[in-house]
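Please read the structure below before turning to the comments.
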Amino acid sequence: MSAIDAELIIDGRVRRALASAGLDASGLQRVRQVCASGAERPVIAAARLGLVDTRRLAELLASEYALERPGGDVMAGAVPADMSPAWLRRRRMAVLQAADERAHIIGVVDPSDDDALRACRFAVGGAVRFVVLSLDEWKQCQDEPGRGSVQDQRQDRDSETLADLSRGAPAVRLVEETLAAARRAGASDIHFRPREDGFEVLMRVDGELQLLRTAPLHLAGPVAARLKVLAGLDLAERRAPQDGRLSFTVDGSTIDARLSTVPNVWGEGAVVRLLGRSEALLSFDGLGFSARQSETVTGWLSARSGLIMVAGPTGAGKTTTLYAAINALRGAGRNILTVEDPVEYLFENVSQTQVDRAAGVDFSSALRAFLRHDPDVIMVGEIRDAETAALAVRAALTGHLVLTSIHAESAPAAIVRLVDLGVEPFLAASTLRGVVAQRLTRRLCSACGGTGCSMCGGTGRRGRIALIEMMSVDESVRQAIMDGADAGALAKAAQAQPDSRMAGDAAAKADAGLVDRAEALASVS
C-alpha cells in the first residue's frame, strides 16, 4: 500500500491521477495536513495548494472516471430551483450552459465525490451529465458577469439570504424558518422528530428541550431530504444513520452545523447541532471562570509538558473549555494538533483531525500518529479507554502538553478514573498539571435579573455559565495520588486550594447575581 493509500485512504483512481499530475512526497504531506480535519478532499486540496497542474489533473481525472471534459469556453448556466448554489460552490461544482435542454450539464472538479453526484441527480430528477473541470475553469464560472442576476432572480437561499429556493415549498420554508428561529433563540440543537400523529420540531435552549412547532407527518420525508441536500448526504439512503455538515446564514452571520439522521418507524428523525461559537465562548472569562480560576488554568497552560484534564458528565461543556484552552495557546509559535469527535469549531493555524472509525481513525490511532508530527500541544477530545489513556500519559512524559476530557463527576474522581484505566499512580502523579471539573447551569437574564422580560422570553434565564471545581497537582495531591488515594482522600488533600469545591463556586456565582442559588446548587448536587 502506498503512502497516499495509508494516510488518506482515497480512491485508487484519484491516487493515480494525483501522482501523474505531479504530486510528490512533500506535496502529499501538505495535502494530508489540509485534509486532516475533513474540511477538504484530496483533489481539491492539491489543486488549491498549487501542487499540481490543475488542467492536467482534470484531464487525468476525466480519463480515470470515464467522463468528458468541457468543449470550448466554460460558461455558467442557470441553477435549477431545487439546487443550492452555495452547496454547489462548497463542492466545487457548477451548472454549465447546455447546447440543448435534454439534460443539465454539471461541471465537477472532484469526480470522486460520489455523494455530491448522487445529490445532483436527485435534485434534477436524474437528467444530468457530468464533465470534469479544472479548478481554474470552475473559478471562471464563479466570476461570470451574469451570475449575480441569476442568483437574485432565484432568491439564492445559501448566498447569505435564507431565501426560499422553491418559492414557497413547505419543507424548504420549514427548514429555513426553523434554522433562523433556533439561531436567534441561542439554541444548541434542533430536533426534527416524526411521530405517529404528526411531525414535531424542537430546539434545545440553555440545556432544555422546547417545542418550537408542529407540522403534518407528510412533511417529515421532504424535510429530511432538504437537510440532506444541504449537508451533501446520500438522499437515497433512508434505512441507515448518516452524518454530515452544513452551513446557513442568519442576520448576516454564517453558522456551521452538524446534521445527524436516524430512521424510526415513522420516518427519518434528524438533529442539527449548531456549531458556531462566539468569541466570548473562546475565553475562560466568557465561560464563567473567575479571575482566579482563569489565572490558575493559564498557569497550567504555560507548562511545556504535562497533562491537563477537563471532567464532567455529557453536556457539561468540556469541549468548550478545551477550545478556550486551545484559543489561549495558539499563535505562540506552537504546533497544535487535535483529534476530536466531532470537530465543532475550526481554528486557524491548528491541525484538527476528525475521528472516522470506518477509516480506522480513532483517538488512540490519531494520537500515535501525532507523536511523529513534532507537536508542542496535543488535544485529545476524550479519554475513553486504556490505550488512549496510556498514549496521552506517554505524550505528556515525552515533552508535550496534552489537553483532554474525561467522564467523571469531580476533579478527584477524574484522577481515580485515569488510574482505573491502567495508568500507574506514579505516572499520573508525575504528568498531571491540574484538573477542571464542571457543570453548566442557566444564567440569570442580565436585563431583568431573573424576573422575566422580552429579552429572555419571560424565562428569567439567558445563556449558560460553567460551575467550576479545580484541583492543581501540588505536592500534597501528588503524594496522595502515589499513595493510591480514593476520591475522598484526594479531595481532602486539595481542600486548602481555594477553588476545590464546585458547590462553593455555585454559591459564589449566586452571591454575584449570576445564577439562581437553588438551581445552581441542584446542578452540582
Answer yes or no: is there a side-chain heavy-atom contact under 4.5 Å between Leu329 and Leu403? yes

Are the side chains of Ile336 and Asp376 in contact, using a 4.5 Å heavy-atom criterion? no

Working note: Asp341 + Glu382, criterion side-chain contact (heavy atoms from CB on, under 4.5 Å); need CA distance, chi angles, decisive distance, verdict. CA-CA 8 Å; Asp341 185 19; Glu382 185 181 345; over 6 Å; no

Please report the shortest heavy-atom distance between Leu287 and Ala324, naming the atom on each side. CD1-CB, 3.8 Å

Mind checking the CG-CD1 spacing from Leu209 to Ile190? Nearest 0.5 Å is all I need. 11.5 Å

Where Pro263 and Ala240 come nearest, the two heavy atoms and their spacing: CD-C, 4.1 Å

Asp486 CG to Ile415 CD1 distance, which is reported to the nearest 0.5 Å: 12.0 Å

Under 6.0 Å from the CD atom of Gln479, do we count more than 12 heavy atoms belonging to anything else shown? yes

Could you state the interatomic distance from OG1 (Thr404) to CE (Met309), rounded to the nearest 0.5 Å? 8.0 Å

First locate atom CG of Asp197, then atom OG1 of Thr214, and finally report the distance between them rounded to the nearest 0.5 Å. 9.5 Å

Give a yes or no on whether the backbone of Ser305 and the side-chain of Arg433 come within a donor-acceptor separation of less than 3.5 Å. yes

Residue pair Thr319 / Glu344, side-chain donor-acceptor N/O under 3.5 Å: no

Heavy atoms of other groups near Arg443 CZ, more than 12 under 6.0 Å: yes

Report yes if some heavy atom in the side chain of Phe363 is under 4.5 Å from a heavy atom in the side chain of Ile383; otherwise report no. no

Between Gln495 (side chain) and Ser500 (backbone), is there a donor-acceptor pair under 3.5 Å? no

Decide salt bridge (charged side-chain N to carboxylate O under 4.0 Å, His left out) for Glu348 and Arg330; before the verdict, give the C-alpha distance in whole Å, the side-chain angles of both, and the deciding distance to 0.1 Å. CA-CA 9 Å; Glu348 290 185 10; Arg330 67 192 183 101; 5.4 Å; no

Would you indicate whether the side-chain heavy atoms of Leu282 and Phe347 approach each other to under 4.5 Å? yes

Given Asp499, which of Glu469, Met471, Met470 fulfils the side-chain contact (heavy atoms from CB on, under 4.5 Å) condition? Met470

Does the pair Lys228/Glu268 count as a salt bridge with the N-to-O cut at 4.0 Å? yes

Residues Glu176, Arg226: salt bridge by 4.0 Å N-O rule: yes

Please find the pair of heavy atoms, one from Lys318 and one from Ile406, that lie closest to each other, and give the distance. CD-O, 3.9 Å

Only counting residues at least two apart or in another chain, list the ones meeting side-chain contact (heavy atoms from CB on, under 4.5 Å) with Asp113. Arg41, Arg91, Asp110, Asp115, Ala116

Please check if any side-chain donor atom of Arg90 sits under 3.5 Å from a side-chain acceptor atom of Ser247, or the reverse. yes

Crowding at CZ, Arg394 (>12 non-hydrogen neighbours, <6.0 Å): no

Side chain of Lys509, backbone of Ala520: donor and acceptor closer than 3.5 Å? no

How close do Val477 and Ser472 get, counting heavy atoms only, and between which atoms? CG2-O, 3.7 Å

Would you indicate whether the side-chain heavy atoms of Leu444 and Asp516 approach each other to under 4.5 Å? yes

Is Arg462 atom CZ crowded by more than 12 heavy atoms from other residues, nucleotides or ligands, each under 6.0 Å away? no

Note: Pro194 and Gly267 closest approach over all heavy atoms is CG-C, 4.2 Å

Using a 4.5 Å cut-off on heavy atoms from C-beta on, say whether the side chain of Thr261 contacts that of Leu227. no

Value for OG1 (Thr388) from CG (Leu367), rounded to nearest 0.5 Å, stands at 7.0 Å

Determine whether His407 and Arg417 make a side-chain contact, defined as any pair of heavy atoms from C-beta on separated by less than 4.5 Å. no

Using the side-chain contact (heavy atoms from CB on, under 4.5 Å) rule, take Leu371 and Ile378 through it: C-alpha gap first, then chi angles, then the decisive distance, then the call. CA-CA 9 Å; Leu371 294 175; Ile378 297 172; 4.1 Å; yes

Kindly indicate, with the supporting measurements, whether the criterion side-chain contact (heavy atoms from CB on, under 4.5 Å) is fulfilled by Leu432 and Leu418. CA-CA 10 Å; Leu432 271 169; Leu418 188 67; 4.2 Å; yes

Determine whether Leu211 and Leu202 make a side-chain contact, defined as any pair of heavy atoms from C-beta on separated by less than 4.5 Å. yes

So that I can tick it off, tell me whether Glu475 and Arg478 are bridged by a salt bridge, with the cut-off set at under 4.0 angstrom between side-chain N and carboxylate O. yes

Between Ser283 and Asp285, is any side-chain donor less than 3.5 angstrom from a side-chain acceptor? no

When you measure from the side chain of Ser302 to the backbone of Gly299, do you find a donor-acceptor pair of N or O atoms at a distance under 3.5 Å? yes

Begin from the C-alpha positions of Asp189 and Arg273 and carry the test salt bridge (charged side-chain N to carboxylate O under 4.0 Å, His left out) through to its verdict. CA-CA 4 Å; Asp189 301 87; Arg273 168 152 290 188; 2.8 Å; yes

Let me see the working for Tyr323 and Glu340 under side chain to side chain donor-acceptor pair (under 3.5 Å), right down to the final yes or no. CA-CA 11 Å; Tyr323 280 160; Glu340 308 170 50; 2.2 Å; yes

Aromatic plane relationship, Phe289 with Phe284 - under 30° parallel, 30 to 60° tilted, over 60° perpendicular: tilted

Report the C-alpha distance between Arg384 and Asp362 in whole Å, list the side-chain angles of each, state the deciding distance to 0.1 Å, and finish with yes or no for side-chain contact (heavy atoms from CB on, under 4.5 Å). CA-CA 11 Å; Arg384 297 176 179 172; Asp362 56 17; over 6 Å; no

Check this for me, if you would: do Arg439 and Glu409 make a salt bridge, where the nitrogen-to-carboxylate-oxygen distance has to be below 4.0 angstrom? yes

Which atom of Ser365 lies closest to which atom of Val361, heavy atoms considered: OG-CA, 3.5 Å

Distance, nearest 0.5 Å, that separates CG of Leu467 from CG of Leu514: 10.0 Å

